[in-house]
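In what follows, a single structure is set out as structure tokens and then discussed.
Naming convention: chains lettered A, B, ... in sequence-line order (proteins, then strands); numbering from 1 in each chain.
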2 protein chains.
Amino acid sequence: MSEARERDRAATKTRLLQAVEAVIAEDGFGAIGVNAIARRAGADKVLIYRYFGGLAGLLSAYAEDGDFWWQVDDMLAEPLPGPHEADGLSRCLAAIFARHAAFLRAHPVTLEVIAWEIAERNELTEALESVREGRSQEMMRRLAARFDLEVAEFLASVGPMFALLGAAANYLAARERRLKIFNGIDLQSDAGWRTLEQSAARMIAGVAGGALSTHSTD
Amino acid sequence: MSEARERDRAATKTRLLQAVEAVIAEDGFGAIGVNAIARRAGADKVLIYRYFGGLAGLLSAYAEDGDFWWQVDDMLAEPLPGPHEADGLSRCLAAIFARHAAFLRAHPVTLEVIAWEIAERNELTEALESVREGRSQEMMRRLAARFDLEVAEFLASVGPMFALLGAAANYLAARERRLKIFNGIDLQSDAGWRTLEQSAARMIAGVAGGALSTHSTD
DNA sequence: GCTATACGTCACCATACGGTGACATGTCAA
DNA sequence: TTGACATGTCACCGTATGGTGACGTATAGC
């Protein structure tokens with residue numbers, strides 16, 4: 001006779017939050033819903049309404065304590081090519097692209113959320129979007145400082161490039177879940193991704209070798 | 001009293017196929033289903049099963065006569081920088097990227113399907129994937145011929161670059177539906193896209209100015 | 001004219017969803 | 001001890017979905 005579960009609000013809330021993660025990880029964002037989450041948590045769905053005000057509130061809460069996105073420190077962690085090395089800037093940018101791609105491929109829940117963002121806007125996807133936008137901007141500012149370049153100018157040239165390469169990585173990593181070949185590249189193999197990283201590195205070098213590395217006005 | 005609709009199988013099939021398009025265009029791929037389509041077509045849903053064997057068959061049929069993707073001829077239409085102009089190859093590749101992006105932004109149903117591909121695999125998305133893969137490969141082969149470059153070598157260097165830039169365009173165009181800013185770029189403005197195209201052009205030029213334009217071994 | 005078939009309509013099923021009201025029971029304060 | 005509140009359980013509602021069987025009725029072939 002259903003064994004009267006322990007009366008512990010905090011623990012139940014935690015179970016619900018963990019259930020969000022579990023459902024996303026195992027069945028994808030399409031499976032998210034009060035019924036599925038409550039079932040997974042072994043709790044009654046009415047508690048989602050009582051404790052979080054509904055599914056939206058639960059997703060918001062999940063978004064707040066989850067870390068779906070890389071930390072700036074991790075992306076800029078040493079060893080990383082610096083301003084005093086040959087082609088330091090372009091090699092540094094290429095390394096960051098590779099780290100970005102590696103992060104995505106290692107975080108399936110993040111990939112699910114990225115896929116979700118494209119299909120729909122909700123509390124979770126909005127939260128991730130704003131976190132990511134903030135981290136990206138901060139990372140670029142710190143990169144500009146690292147290479148002693150003027151921020152506005154750096155943003156103007158590197159920003160669009162990172163937008164393109166970041167978008168490409170997001171797309172390809174999300175598609176890797178279900179698609180093997182994209183434009184002749186094997187997305188589901190490390191070799192395919194190495195090819196992409198090398199190509200990105202060459203494109204970056206072409207730009208950084210030009211306008212960027214000149215230290216411009218100074 | 002429900003006015004006994006004309007008995008015309010072919011016309012009904014057409015109405016159902018058009019309803020697929022209408023539902024995708026107006027409510028997105030998430031709204032696709034036998035009920036929604038039948039409702040939109042003004043037909044009974046049982047006819048979807050009778051005439052197409054189910055939703056999957058209907059989507060397959062829709063995929064066959066729909067043209068979701070650009071034609072190679074359109075992407076290579078003149079005027080397009082050629083082998084006898086300065087920086088012909090890199091300007092040509094940049095122009096193709098711009099055309100690709102413009103196509104996407106002008107075809108909302110294609111964007112819906114692209115978004116759909118990321119979330120799910122079905123008859124429709126598989127059909128588009130194979131069409132696109134074929135067209136991309138053919139376009140690259142024809143580009144190699146246009147610039148008198150060896151195909152294998154051309155594919156090895158341009159393929160990954162197009163994979164990255166194409167993926168970026170797909171992602172950003174799909175996100176433009178619901179997201180305004182990505183990495184500081186305004187996706188919902190033509191100015192934002194011009195910025196992206198210029199950045200892509202610079203990255204392409206950096207690569208094409210190196211290994212590519214040397215005509216390599218000949 | 002008669003009959004078989006094709007076409008379309010309708011009613012219905014089981015299932016799942018989001019959401020709510022009522023109730024039992026444990027805990028803590030007066 | 002009594003009463004208020006918090007926690008959890010359960011039954012239920014309306015709605016929507018995918019899917020099927022039964023029923024008309026117009027058309028075509030004999």
Side-chain angles (χ1 to χ4, degrees), chain A residues 1-20 22-24 26-63 112 116 119-125, chain B residues 1-20 22-24 26-63 112 116 119-125:
Chain A
M1 46 165 56
S2 73
E3 236 352 80
R5 193 174 280 282
E6 201 179 357
R7 297 164 75 83
D8 185 339
R9 178 175 186 144
T12 300
K13 289 179 73 171
T14 305
R15 288 213 319 281
L16 285 169
L17 289 168
Q18 290 169 338
V20 174
V23 171
I24 292 176
E26 294 186 25
D27 302 316
F29 67 85
I32 286 289
V34 286
N35 289 306
I37 292 172
R39 206 178 303 132
R40 180 58 136 268
D44 195 285
K45 61 180 172 181
V46 78
L47 303 178
I48 293 177
Y49 297 96
R50 282 231 269 264
Y51 296 159
F52 298 97
L55 181 60
L58 176 59
L59 291 181
S60 294
Y62 173 62
E112 279 300 326
W116 205 355
E120 189 181 341
R121 273 183 85 80
N122 59 40
E123 281 72 13
L124 214 182
T125 63
Chain B
M1 47 163 59
S2 72
E3 231 359 78
R5 193 175 279 281
E6 201 179 357
R7 297 164 77 83
D8 185 338
R9 178 174 185 144
T12 301
K13 289 179 73 170
T14 305
R15 288 212 320 280
L16 285 169
L17 288 168
Q18 290 170 338
V20 174
V23 171
I24 292 177
E26 294 186 25
D27 301 316
F29 68 85
I32 286 290
V34 285
N35 289 306
I37 293 172
R39 206 178 303 131
R40 182 58 137 268
D44 195 286
K45 62 180 171 180
V46 78
L47 302 179
I48 293 176
Y49 297 96
R50 284 233 268 266
Y51 296 159
F52 298 97
L55 182 59
L58 176 60
L59 292 181
S60 293
Y62 173 61
E112 280 299 326
W116 205 353
E120 186 181 344
R121 272 183 86 80
N122 58 41
E123 281 71 13
L124 214 181
T125 62

Practice task
Would you mind reading off the distance between B:L47 atom CG and D:dC23 atom C1', rounded to a whole angstrom?
Solution key: 14 Å
Problem - Flag side-chain contact, heavy atom, 4.5 Å: B:R50 against B:L47 - result: yes
Practice task
Output all residues satisfying side chain to side chain donor-acceptor pair (under 3.5 Å) with A:R9, sequence neighbours left out; order by chain, then residue number.
Solution key: none
Practice task
Check the distance between C:dC7's P and B:L16's CG and give it to me in whole angstrom.
Solution key: 13 Å
Problem - Whole-Å distance separating the CG atom of A:L59 from the C1' atom of C:dG18 - result: 14 Å
Practice task
Calculate, to the nearest 0.5 Å, the distance between atoms CG and CD1 belonging to A:L58 and A:I32 respectively.
Solution key: 8.0 Å
Handout entry: Euclidean distance, atom CG of residue A:D44 to atom P of C:dG21 [Å, nearest integer]
Key = 15 Å
Handout entry: Donor-acceptor side-chain pairing of A:W116 and A:E112 below 3.5 angstrom
Key = no
Completion exercise
Separation between OH (B:Y49) and CG (B:D44), nearest 0.5 Å, reads 10.5 Å
Practice task
Kindly say if A:R7 contacts the phosphate of D:dG8, meaning a side-chain N or O under 4.0 Å from OP1 or OP2.
Solution key: no
Handout entry: Beyond-backbone contact of A:L124 with A:I24, side-chain heavy atoms, under 4.5 angstrom
Key = yes
Exercise for the section: Kindly say if B:Y51 contacts the phosphate of C:dG8, meaning a side-chain N or O under 4.0 Å from OP1 or OP2. Expected result: yes
Problem - Any B:T12 side-chain N or O less than 4.0 Å from OP1/OP2 of C:dG8 - result: yes
Completion exercise
When rounded to whole Å, the CZ to P distance for the pair A:R50 and D:dT9 reads 10 Å
Practice task
Measure from the side-chain heavy atoms of A:Y49 and tell me the nearest of D:dG8, C:dG8, C:dG18.
Solution key: C:dG18
Practice task
Ignoring backbone atoms, test whether B:R9 places a side-chain nitrogen or oxygen under 4.0 Å from the OP1 or OP2 oxygen of C:dA6.
Solution key: no
Problem - Distance in angstrom units between A:I37 CD1 and C:dG19 C1', rounded - result: 15 Å
Problem - Between P of D:dT9 and CD1 of A:I48, the distance in whole Å - result: 13 Å
Exercise for the section: Can you check each nucleotide of nucleotides 12-17 of chain C against protein heavy atoms at under 4.0 Å and return B for base, S for sugar-phosphate only, - for none, in 5' to 3' order? Expected result: -----B
Practice task
Measure the CZ-CZ distance between A:R40 and A:R15 for me, rounded to the nearest 0.5 Å.
Solution key: 13.0 Å
